[in-house]
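Both ligands and their constituent atoms are indexed starting at 1 by order of listing. Position 1 is the first residue of the sequence; numbering continues from there.
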Amino acid sequence: MKYYDKLIFELSCEGRCGYTLPDADWAQTSDSIPDGLKRSAAPGLPQVSEPEVVRHYTNLSDMNFGVDTGFYPLGSCTMKYNPKINEEIAGMPGFKGIHPLQPRSTVRGVMKLYGDLSSALCAITGMAGFTLNPFAGAHGELTGLMIMRRYHICRGDMKRTRVIVPDSAHGTNPASAAVCGLDVVQVNSLPDGTIDVDHLKTLLDDTVAGIMMTNPNTLGLFETRIEEIADLVHGCGGLLYYDGANMNPLLGVVRPGDMGFDIMHLNLHKTFSTPHGGGGPGAGPVGVAEHLLPYLPLPRIDGEKPDECAGRVSGFMGNFGVLMKAYAYILMLGRQNIRMAGPLATLNANYIKESLKDCYRLPIDKVCKHEFVFDGLADKSTGVTTLDVAKRLLDYGFHAPTVYFPLLFHQSIMIEPTETESRETLDAFIEVMRKIAEEAAADPDMVRSAPHNTSVRRPDETAAARHPVLKYRDLA
Ligand SMILES: *Cc1c(COP(=O)(O)O)cnc(C)c1O
């Protein structure tokens, strides 16, 4: 272990100094500061030299892992490489310096950009219009469901309070429906991972507000009966909501609008490239079909306030920096290249799946789209779990895949390589995954106690969530 692997947080030393402020003019005229606001003692700032501060933060950043550090196959989260030119463009002074309260007449360029981005998203998804306001995927879901509810209410159809969600859905789907005051009804999956249409039929009646779906679904499988499902749900008066958080596999290939969806959200921070680890920043624009345009929330690009509108979901018009990056990304790829994202993401996922399915259990052995799910190691006799495999991957310098989701299998490992990884990176990951399977057979205790090389080993994840210690020492 290197000396700096053990970060020391208490670095302050009386009298040590890294920076001195120039004498301030106002110090002489401090009479203007009311007595009650004046300090009686110096602030308790750490006293440290510049090299110590720089090393502290550099070492802290070394302990982190990001897509710029290495392969990050976090299924469903789409951690692809984000081109740096996006940052440069979003950081241009003309964009960075604007204020959300500026009069519209002074931000004409920005309004044009909003319009152009919305048009591009419409072309990509087959929707008729977009709001760029929501700040995340889950926020987009809530906005979309508010539109769905408002649509039924405006038609006087007050009974429609149930939303159908597949058992494989992302956890935010049922959560958003509940937050929107709707009741969640689960539709089962068939053994092949797609929606059980016969079960769906038993759930449909005049209390159904709509269905929330992902296609390809959360198992990375394309729902081939989507047209039939759309007819069934529309036939009973419900709407179809599309969770487009991960549009990668579909870009330029199929459009949710053409599949029959009425409302959808996109995660610009996943599909359209913005670094989004640690909970942000994001943007979850919501698109609607023609007949739902009046329901888009405020503030609207067209400046209108129709009676039907679903209300206000944000103070201003979205997370501008993330919108900028998505727009730059779309323009940079262009119509031709954006079509390559889906096939490449699909090829990469299938390559890993086929290369590992002899040592990891593949519960649904079909061609997948951008991601797929293993159910732990093929050899269940070693007692080595999915968590152990994930922890051991960290020792080899790979970020762990998504684990224990979806809930359909006990030992889910959900792998999404994305379209931006090279053959060499995929081969290195495959080699390490095979090696871990061998280690699990030869020395299961070693794998069960991994990671061995990281700064933090196995934190108590439950305690960390329930009783977080958010300061480095007890100041009480
Ligand atoms: C990430 C994700 C979401 C939620 O998006 P957030 O921006 O994290 O709120 C919803 N659905 C799917 C399928 C996702 O992968």
Side-chain angles (χ1 to χ4, degrees), residues 67 72-80 82 121 125 131-146 163-180 184 189 193-195 211-223 240-251 256 261 263-287 313-314 318-319 321-323 325-326 341-342 345 349 368-373 399 401-408 412-419:
V67 77
Y72 204 143
L74 198 62
S76 185
C77 293
T78 309
M79 300 301 253
K80 66 175 158 189
N82 303 293
L121 297 181
T125 59
T131 172
L132 304 177
N133 299 4
F135 291 105
H139 194 193
E141 289 170 24
L142 177 63
T143 305
L145 290 164
M146 285 165 65
V163 172
I164 300 172
V165 179
D167 54 7
S168 64
H170 194 270
T172 50
N173 289 187
S176 301
V179 170
C180 194
V184 178
S189 302
T194 61
I195 283 186
I211 187 170
M212 295 182 88
M213 280 183 70
T214 306
N215 197 19
N217 65 26
T218 308
L219 294 167
L221 302 171
F222 193 80
E223 301 277 359
L240 273 85
Y241 183 93
Y242 183 82
D243 179 342
N246 307 287
M247 264 284 286
N248 301 31
L250 296 195
L251 288 178
F261 286 93
I263 313 171
M264 69 173 293
H265 83 268
L266 288 166
N267 276 21
L268 296 188
H269 47 294
K270 289 178 185 169
T271 306
F272 297 94
S273 82
T274 277
H276 60 274
V286 170
V313 294
S314 58
N319 209 347
V322 179
L323 301 174
K325 290 179 212 179
C368 65
K369 292 293 177 281
H370 59 304
E371 63 194 2
F372 65 93
V373 182
H399 196 282
T402 296
V403 293
Y404 299 108
F405 175 80
L407 306 175
L408 297 176
S412 289
I413 309 181
M414 187 184 200
I415 298 176
E416 179 182 2
T418 81
E419 70 274 19

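Applying the side chain to side chain donor-acceptor pair (under 3.5 Å) definition to pairs two or more places apart or across chains, those involving residues 212-221 are N217-E223.
Here the shortest heavy-atom pairing between N82 and T274 reads OD1-N, 3.2 Å.
For T418, the side chain to side chain contact (heavy atoms under 4.5 Å, CB included) partners are T78, K80, E416, T420, E421, not counting sequence neighbours. The side chain to side chain donor-acceptor pair (under 3.5 Å) check on T194 picks up D192, with sequence neighbours excluded.
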Which atom pairs, nitrogen or oxygen on both sides, join ligand 1 and the protein at under 3.5 angstrom?
| residue | atom | partner | partner atom | Å |
| --- | --- | --- | --- | --- |
| ligand 1 | 5 (O) | N267 | ND2 | 3.0 |
| ligand 1 | 7 (O) | G137 | N | 2.8 |
| ligand 1 | 7 (O) | N267 | ND2 | 3.4 |
| ligand 1 | 7 (O) | H269 | NE2 | 2.8 |
| ligand 1 | 9 (O) | G137 | N | 3.3 |
| ligand 1 | 9 (O) | A138 | N | 2.8 |
| ligand 1 | 11 (N) | D243 | OD1 | 3.2 |
| ligand 1 | 11 (N) | D243 | OD2 | 2.6 |
| ligand 1 | 15 (O) | S76 | O | 2.7 |
| ligand 1 | 15 (O) | S76 | OG | 2.7 |
| ligand 1 | 15 (O) | N246 | ND2 | 3.1 |
| ligand 1 | 15 (O) | K270 | NZ | 2.7 |

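Looking at H139, its side chain does come within 3.5 Å of a backbone N or O of V313 through a donor-acceptor pair.
The aromatic rings of F405 and H170 lie perpendicular to each other, with more than 60° between the two planes, well past the 30° mark.
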